[in-house]
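Shown next, in structure tokens, is the structure this report addresses.
If you read the sequence from its start, that first residue is 1, and numbering goes on from there. Worth knowing before you read on, the calculation uses all heavy atoms, side chains too, and leaves out hydrogens, waters and symmetry mates. Being a predicted model, the structure only gives us computed values, none of them experimental.
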Amino acid sequence: MRIGSLGDIIFEAGAEGRVMAPSEFQRESAARYEEHKVVGAPPRLEFLSSELDAMTLPIRLRADMGVNPLREAEKLSAMCREGRVARLILAGRSLGDVVIESVTETWRLMAPDSGPYLLDLTLKLKEYV
């Protein structure tokens, strides 16, 4: 079952045993304000604009779930290093175009001579307008 995608990276929980899906999704929206000092009164705030949305997407990659953790992590790291813009779709909803600002890898279990068996990734995404 397809859960979503980030560009050409497909998030899925398949009948064939392949699982590559985010464990959660977090999005932060913020606004930008300027504070103006006023003599003898509290400062006044002026709304300037909205900020770009920032998102966090943790993904657990397991070799026993039909994925090669190192290969999938490398694809996402390459997208980050190259500054590629990708459409983010989760649960059938388009969340717009994003860039990967950073990829954090945590190797959990090692398999002899083949690298990590269980690898946790944390993607930090930024809205791209």
Side-chain angles (χ1 to χ4, degrees):
M1 173 173 51
R2 188 174 182 158
I3 296 167
S5 61
L6 178 60
D8 60 354
I9 306 287
I10 305 298
F11 302 131
E12 61 187 337
E16 301 82 40
R18 179 175 156 74
V19 176
M20 183 176 159
S23 56
E24 62 184 51
F25 172 72
Q26 184 178 35
R27 177 167 53 185
E28 178 184 4
S29 298
R32 200 167 3 137
Y33 290 89
E34 182 69 37
E35 187 174 299
H36 300 283
K37 299 193 183 307
V38 178
V39 176
R44 304 277 192 245
L45 285 180
E46 176 187 7
F47 173 77
L48 299 177
S49 73
S50 62
E51 293 284 359
L52 297 172
D53 284 355
M55 294 152 257
T56 304
L57 196 63
I59 301 171
R60 175 163 278 183
L61 301 171
R62 296 176 48 139
D64 66 339
M65 294 293 182
V67 298
N68 180 320
L70 280 179
R71 187 176 320 135
E72 298 300 331
E74 184 51 41
K75 286 181 193 175
L76 291 161
S77 292
M79 288 176 71
C80 176
R81 284 190 300 272
E82 296 166 7
R84 276 191 257 159
V85 178
R87 171 122 355 219
L88 177 62
I89 299 170
L90 289 175
R93 183 171 175 224
S94 175
L95 299 168
D97 289 337
V98 298
V99 293
I100 301 174
E101 285 194 303
S102 69
V103 177
T104 303
E105 291 182 20
T106 304
W107 293 24
R108 298 276 178 210
L109 297 172
M110 308 307 154
D113 302 323
S114 63
Y117 175 79
L118 173 63
L119 195 152
D120 286 330
L121 294 177
T122 301
L123 306 181
K124 296 216 186 240
L125 309 172
K126 184 76 80 159
E127 176 183 22
Y128 185 85
V129 194

Exercise for review: Starting from the C-alpha separation in whole Å, work towards a yes-or-no answer on side chain to side chain contact (heavy atoms under 4.5 Å, CB included) for V98 and L95.
Suggested key: CA-CA 8 Å; V98 298; L95 299 168; 6.0 Å; no

Write down the atom of [X], the atom of [Y], and the distance for their closest heavy-atom approach.
X	Y	value
A21	I59	O-CG2, 3.9 Å
M20	L76	CE-CD1, 4.3 Å
L119	A73	CD2-CB, 4.3 Å
I89	S94	CG1-CA, 4.2 Å
E105	S77	OE2-OG, 4.0 Å
A63	P69	N-CG, 3.8 Å

Out of curiosity, [X] [atom1] to [Y] [atom2], how far, rounded to the nearest 0.5 Å?
X	Y	atom1	atom2	value
Q26	L57	CD	CG	10.5 Å
R87	D97	CZ	CG	4.5 Å
F11	R2	CZ	CZ	10.0 Å
F47	E34	CZ	CD	13.0 Å
L90	S5	CG	OG	8.0 Å
E28	M55	CD	CE	10.5 Å

Single-linkage hydrophobic cluster, 4.5 Å side-chain cutoff, [X] and [Y] together:
X	Y	result
L48	Y33	no
M79	V99	no
I9	L125	yes

Can you establish whether the number of heavy atoms outside [X] located under 6.0 Å from its atom [atom1] is more than 12?
X	atom1	result
K124	NZ	no
R81	CZ	yes
F25	CZ	yes

Check your understanding: Which hydrophobic side chains are connected to V38, either touching it within the sub-4.5 Å cutoff or through other members that do?
Key -> none

pair [X]-[Y]: side-chain heavy atoms closer than 4.5 Å:
X	Y	result
I3	E12	no
E51	E127	no
E24	P58	yes

Practice item. Walk me through it: do K75 and E72 pass the test salt bridge (charged side-chain N to carboxylate O under 4.0 Å, His left out)? Key: CA-CA 5 Å; K75 286 181 193 175; E72 298 300 331; 3.6 Å; yes

Exercise for review: Return the set of residues passing side chain to side chain contact (heavy atoms under 4.5 Å, CB included) with D120 (not counting sequence neighbours), or none when no residue passes.
Suggested key: R60, T106, R108

Practice item. In sequence, state the C-alpha distance, the side-chain angles, and the governing distance for L70 and W107, and then conclude on side chain to side chain contact (heavy atoms under 4.5 Å, CB included). Key: CA-CA 10 Å; L70 280 179; W107 293 24; 3.5 Å; yes

